[in-house]
Amino acid sequence: MNKYIAEAIGTGALVFLGCGSVTFAGMGAVLGSGTPFAPLGVVAIAMAFGFTVTAMAYGIGPVSGCHVNPAVSVGAWAAGRLSTADLIGYVISQCIGAVIGAGVLYLILSGHQGGWDLAKDGLGQNGWSEYSTTSAFIAEFVGTFLFLVVILGSTSEKGATTVAGVAIGVALLVVHINLIRVTGTSVNPARSLGPALFVGGKALSQLWLFFVAPVLGALAAGALFRTKILEP
């Protein structure tokens, strides 16, 4: 159970700190839906997500590998590096952790003395409105695919490096910088699930895309490593 507990903690931290970088800074509303990105800015939000993954890679990586993302687990499974039993356990743990992380964020924000409106200010949930559904889907698919290529390559048997956590965090940071204005950047079904359950409405109705596109992108990347096309 240690690895499942680690995954829940890591994913909870990612949602709490990543989405917290949006909500605590007073950004409000839905990322990817025309929200004015001030005062914190796109880069700072991207850094919050990327650096959290880097930090957790060294914090829980030795225990579970620090997937903290169902898409990463699916990609590892597709590459032949994770059993089906562990895939199920990882995904369940990650989703539970994401909900807990979003719940903690919700509890803190609801205690704001000046008032806080969940419907108006949001919880850092993903969504799209300025771009078409097709654009959002492609963005999430490609972003996840590239992210998984970095993860699977830097943790492969011959490509493994002690700075894999840094490479993975930087990759997530860059993906966020590019896609925040499109979908708010998910590339992680659990990260989207946690906030959406509390916010409801449009966040829930659009949730399907943040499961389907990242999973397909992860499967594509995993297949390239399983077939030895990208395996060193």
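- Atom CZ of Phe137 has more than 12 heavy atoms from other residues, nucleotides or ligands within 6.0 Å.
- Side chain of Asp121 to main chain of Asp117: a donor-acceptor pair is present (N/O by atom type, distance under 3.5 Å, no hydrogens or angles).
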Problem set entry | Working for side-chain contact (heavy atoms from CB on, under 4.5 Å), residues Tyr90 and Val72 | CA-CA 10 Å; Tyr90 270 47; Val72 173; over 6 Å; no
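- Asn178 CG to Leu173 CG: the interatomic distance, rounded to the nearest 0.5 Å, is 10.0 Å.
- In this structure a side-chain-to-backbone donor-acceptor pair under 3.5 Å is present from Ser21 to Gly18.
- The line from OG of Ser186 to CG of Leu179 is 10.0 Å long, rounded to the nearest 0.5 Å.
- The two residues Arg191 and Thr185 have their closest heavy-atom pair at NE-O, 3.4 Å.
- Cluster membership for Val15 and Val53, using ILVMFWY side-chain heavy atoms within less than 4.5 angstrom, is not shared.
- Side-chain N or O atoms of Thr144 include none that pairs as donor or acceptor with a backbone N or O of Ala218 at under 3.5 Å.
- Counting heavy atoms from C-beta on, the side chains of Lys202 and Ser129 come closer than 4.5 Å.
- Without hydrogens or angle criteria, Ser64 side chain to Gly61 main chain gives no donor-acceptor distance under 3.5 Å.
- From Trp77, atom CH2 reaches atom CD1 of Ile88 across 10.0 Å, with rounding to the nearest 0.5 Å.
- At least one donor-acceptor pair under 3.5 Å links the side chain of Ser154 to the backbone N or O of Val150.
- Considering only heavy atoms from C-beta on, Ile108 comes within 4.5 Å of Phe24 through its side chain.
- Between Lys3 and Ile60 the shortest side-chain heavy-atom distance does not fall below 4.5 Å.
- Side chain of Asn2 to backbone of Val63: no donor-acceptor contact under 3.5 angstrom is found.
- Looking only at distances, no side-chain donor or acceptor of Asn69 sits under 3.5 Å from a matching main-chain atom of Ala190.
- The two residues Phe198 and Gly103 come nearest to each other via the heavy atoms CZ-CA, 3.3 Å.
- Asn188 approaches Pro70 most closely through the heavy-atom pair OD1-CD, 3.3 Å.
- When only modelled atom types and interatomic distance are considered, Asn126 and Ser192 share a side-chain donor-acceptor pair under 3.5 Å.
- Note that CG of Leu204 is 10.0 Å distant from CD of Gln125, once rounded to the nearest 0.5 Å.
- A distance of 9.0 Å separates CG in Leu230 from CG in Leu152, rounded to the nearest 0.5 Å.
- Residues Phe210 and Trp128 bring their aromatic ring centres within 6.0 Å.
- With Glu140 contributing its side chain and Ala213 its backbone, the two residues share no donor-acceptor pair below 3.5 Å.
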Donor-acceptor pairs under 3.5 Å, side chain of residues 92-102 to any protein atom, not counting sequence neighbours: which ones?
unit_1, atom_1, unit_2, atom_2, d
Ser93, OG, Tyr4, O, 3.4
Ser93, OG, Gly89, O, 2.8
Gln94, NE2, Glu7, OE1, 2.9
Gln94, NE2, Ser73, OG, 3.0

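- Using a 4.5 Å heavy-atom threshold, the side chains of Ile168 and Phe147 count as touching.
- The shortest heavy-atom contact between Phe225 and Ala79 is CB-CB, 4.1 Å.
- A donor and an acceptor atom, one from each side chain of Arg81 and Thr155, are located under 3.5 Å apart.
- With values rounded to the nearest 0.5 angstrom, Ile151 atom CD1 is found 12.5 Å from Ser156 atom OG.
- Residues Gln206 and Gly127 approach most closely at OE1-CA, 3.1 Å, considering heavy atoms.
- When all heavy atoms of Ala220 and Phe141 are compared, the closest pair comes out as CB-CZ, 4.1 Å.
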Exercise. Yes or no on side-chain contact (heavy atoms from CB on, under 4.5 Å) for Leu224 and Phe145, after CA distance, side-chain angles and deciding distance?
Worked result: CA-CA 10 Å; Leu224 292 180; Phe145 173 80; 3.6 Å; yes
